[in-house]
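First the proteins, then the strands, lettered A, B, ... as listed; each starts at 1. Computed from a prediction, not measured in an experiment: that's the story for all the values here.
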Protein chains: 4
Amino acid sequence: MNVNAPLVPGPKWTRKPQARPDEVLEAALDVFAANGFAATRMDDIAKAAGLSKAAIYLYFPSKDDVFKALVEQRIGVVQSHFDAAAKDQKHDPLAGLQRAIRLWANSFHDLRLAALPRIILAEALRFPELADFYHRTVIERTQASLIELFQAGIDKGLFRPVEPLVAARALMSPLMFEILRRQAFPAHIPPLSMDELVDSIFDLFLKGLAMPEVENHSGVAP
Amino acid sequence: MNVNAPLVPGPKWTRKPQARPDEVLEAALDVFAANGFAATRMDDIAKAAGLSKAAIYLYFPSKDDVFKALVEQRIGVVQSHFDAAAKDQKHDPLAGLQRAIRLWANSFHDLRLAALPRIILAEALRFPELADFYHRTVIERTQASLIELFQAGIDKGLFRPVEPLVAARALMSPLMFEILRRQAFPAHIPPLSMDELVDSIFDLFLKGLAMPEVENHSGVAP
Amino acid sequence: MNVNAPLVPGPKWTRKPQARPDEVLEAALDVFAANGFAATRMDDIAKAAGLSKAAIYLYFPSKDDVFKALVEQRIGVVQSHFDAAAKDQKHDPLAGLQRAIRLWANSFHDLRLAALPRIILAEALRFPELADFYHRTVIERTQASLIELFQAGIDKGLFRPVEPLVAARALMSPLMFEILRRQAFPAHIPPLSMDELVDSIFDLFLKGLAMPEVENHSGVAP
Amino acid sequence: MNVNAPLVPGPKWTRKPQARPDEVLEAALDVFAANGFAATRMDDIAKAAGLSKAAIYLYFPSKDDVFKALVEQRIGVVQSHFDAAAKDQKHDPLAGLQRAIRLWANSFHDLRLAALPRIILAEALRFPELADFYHRTVIERTQASLIELFQAGIDKGLFRPVEPLVAARALMSPLMFEILRRQAFPAHIPPLSMDELVDSIFDLFLKGLAMPEVENHSGVAP
DNA sequence: TATGAATGAGCCTTCATTCAT
DNA sequence: TATGAATGAAGGCTCATTCAT
């Protein structure tokens, strides 16, 4: 199912029934990812799409709308993978967690997708509705999935009874941040691959930094 | 190019010995924090500083340089607090860590400061030199301090022998990310104060999510 | 840089295949001739061309390039006339010389053309490449043509064996200078028409100022 | 006698009695010669004069006036040399002519002086009064001197009875033009020194290009 | 006399957007 | 559906000029 199906006209940006709009967004993703929003010119998008600048306006009423449509179209994809993976395995929260995180991290192997959070971060001030949309669609749903898993783990006695939201952020942030870092500082290639980082973080996140002995048999507790 | 070079050439962005440059930077911080880099006009900064646009150019040769000067002025402060706190207490890595993190987090109580990392992450593509500068000045030094602390903790047998860089990122990212989140999604006020988050994250980071029993003597549970 | 590059890239200053660029140059000639380079604003050119300022940039990437294109377009014409006339008649150097000089002088009946050498003179410091271009395209070629003619005349025993380059300059300079003078001091209208001046100069140049008797058979005087 | 004597306040640009104005003009000559009028900034002049920009305005009410004062101060010098040399020797017009021309050419060994005619020619449109001043002070007086000499030569039977004005221009233009050329095309060093050129031109100017036999007694030659 | 500080006006250039075809 | 052509509205930067000190 084409997200841009003519049956469901986009809320704001009107489009014709052909595939063109998707081609435009495909091109726009390239250019926005490479240059960011402000630095991207309609000319760039047009050239990347093999169209004239004016033609873009047949499908999207403004540059803002191209951007919004793009985010709406793409952001969901990343999130849905995660969502599915997480919900599948509530019976084994730990495995579900690991699988979801790995899938989610993999989806950013397309670096252009990794650019979207960065751009949203940058442009959130100028596109509050878009930021809201992103928060609702991606962040909240991801958190919800994670929280469910954490709660299940806690209920099963696998996890310590921590605040699930804090845990969710503690787990996701290092990975999310790594994605931003790689874009902002491409010159400073990180020492670990993304996959390795995922596992390292996951392990550290589960076991903690502190030496277990220190925590455990001080059996002398009050 | 710059005919109005000051008598005492600054490191890169020239300035006169008076207080004006600082006033300009103060104003610039306001405006950049509110609008980001690209969307900020020199006129805005000038107006905020109570000066004419041309006057700004008496102190800084370009918009870029205003931004760089601002980063150099402000980021260093944040970073140095951290640096000092961390280095102070190498004998007690755990306390040092906690103190450094808290101080560092506190420095962002001025939300305008929190805008700087956001802008750098967002605009790094357009300002590679700036991103490099930030990486060198802030990230690398912060990491170095943290790594020292972690290594000291590991050497003392307080911490598990993890990769210090990964640990550093695991600890800092949730906090850094929280700072970004609060700017991008001000509508979604987080449930915890920054201080609470710091402590929660710190605790979770140390002890890990997993139930200790599960990890240590499997099966001996009640 | 120039996103609006034309389908057929011009030699240096890009242009669209239509007549517009020529119209712009026509207008630019008017304005540059009247105001010089520095004092001419893009708005002036645009207005003279019946276009908006931005439209000029569809055809020329900068003010400099408008000027360069104008020079390239117009200067060559003047020079080529001269060139052809000179080369045509190597068998009769004297007639060829006279014809070439006259044609060349006539081409400046369009006073706007006369402005170009003036502007180049004025702006040579700011446009060294342009000055070079002018020197190569116009001065050197004109000199080459003249030198050929002079050498032919010398070889044929018509001219005294002088340094051809010196002769070329001795002949051209008074005319070139007259063109500059008429622009700089329009209030001081010269007593002779350009055509008359050409003939007078030519005659004086050939026969010299000195009384022939004085030089030849001294003592035969009355 | 200082031209800028306080006794005779300049017609438009007021000045204080010290030597400062002359120092400013000295500096201005450097900068105008190097950059032309439009491209010279008051800052440049100030820096060259070792003063602040504002101080310049104590002596000259505007950039235009600095330029005017400079031209008025300097242009006369060149001309007066010429003038004197020419008038001295009316009894021997040929020697007077040669001496005057040589002196005049020598005065441009200071290349900054050579810049003045160039700038006037270039900027005459923007400074009509100045152009008039130059014409009256320099051109007309130089021409008058030359014409006197020529007329004397003609009267004495040394020169052919040509139009003295035309002759004056025929003689001066190649030299004047050479001065302009050297500024505009410094890359194309001329093959002759200025002194050599003066003599060559002078010789050619006197004897003419044509073979004497051809002109005088056709066919009677050996 | 001298200047540091400041500015108004202006100019080149860019770019999202429009429209006739 | 598509585009070539055009533009209004900025925005960064410059510079001659002013003025309080």
Round to a whole Å and report the spacing from [atom1] of [X] to [atom2] of [N].
X      : N       : atom1 : atom2 : answer
N35(D) : dA16(F) : CG    : P     : 12 Å
L51(C) : dG4(F)  : CG    : P     : 18 Å
K47(D) : dT3(E)  : NZ    : C1'   : 15 Å
Y59(D) : dT17(F) : OH    : C1'   : 17 Å

To the nearest 0.5 angstrom, please state how far the [atom1] atom of [X] sits from the [atom2] atom of [Y].
X       : Y       : atom1 : atom2 : result
E26(C)  : R74(C)  : CD    : CZ    : 5.0 Å
L116(B) : Q73(B)  : CG    : CD    : 9.5 Å
I45(B)  : L25(B)  : CD1   : CG    : 9.0 Å
L130(D) : Y134(D) : CG    : OH    : 10.5 Å

Students often mix this up, so state it plainly: with edges at 30° and 60°, are the rings of F37(B) and F67(B) parallel, tilted or perpendicular?
tilted

Which nucleotide in dA2(E), dT7(E), dT3(F) has an atom nearest any side-chain atom of L58(B)
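Nearest to the side chain of L58(B) among the choices is dT7(E).
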
Using a 3.5 Å distance criterion without hydrogens, assess whether the side chain of K63(C) forms a donor-acceptor pair with backbone atoms of T40(C).
yes

Under-4.0 Å salt bridge between R41(B) and D44(B):
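Answer for the salt bridge query: yes.
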
How does DNA chain E look in dot-bracket form if you count Watson-Crick and G-U pairs under 3.5 Å, write [ ] for pairs that cross, and put | where a base pairs with another strand?
.||||||||||||||||||||

Hey, which of these two, D64(D) or I56(A), hits DNA chain F nearer its 5' end, going by closest nucleotide?
I56(A)

Would you list the protein and nucleotides 9-12 of chain E atom pairs, both N or O, that sit under 3.5 Å from each other?
residue: dC11(E); atom: OP1; partner: R41(C); partner atom: NE; Å: 3.2
residue: dC11(E); atom: OP1; partner: R41(C); partner atom: NH1; Å: 3.1
residue: dC12(E); atom: OP1; partner: T40(C); partner atom: O; Å: 3.3
residue: dC12(E); atom: OP1; partner: K63(C); partner atom: NZ; Å: 3.1
residue: dC12(E); atom: OP2; partner: M42(C); partner atom: N; Å: 3.0

Please determine which of F60(C), Y57(C), Y59(C) meets the side-chain contact (heavy atoms from CB on, under 4.5 Å) test together with V66(C).
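Exactly one option meets the side-chain contact (heavy atoms from CB on, under 4.5 Å) with V66(C), and it is F60(C).
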
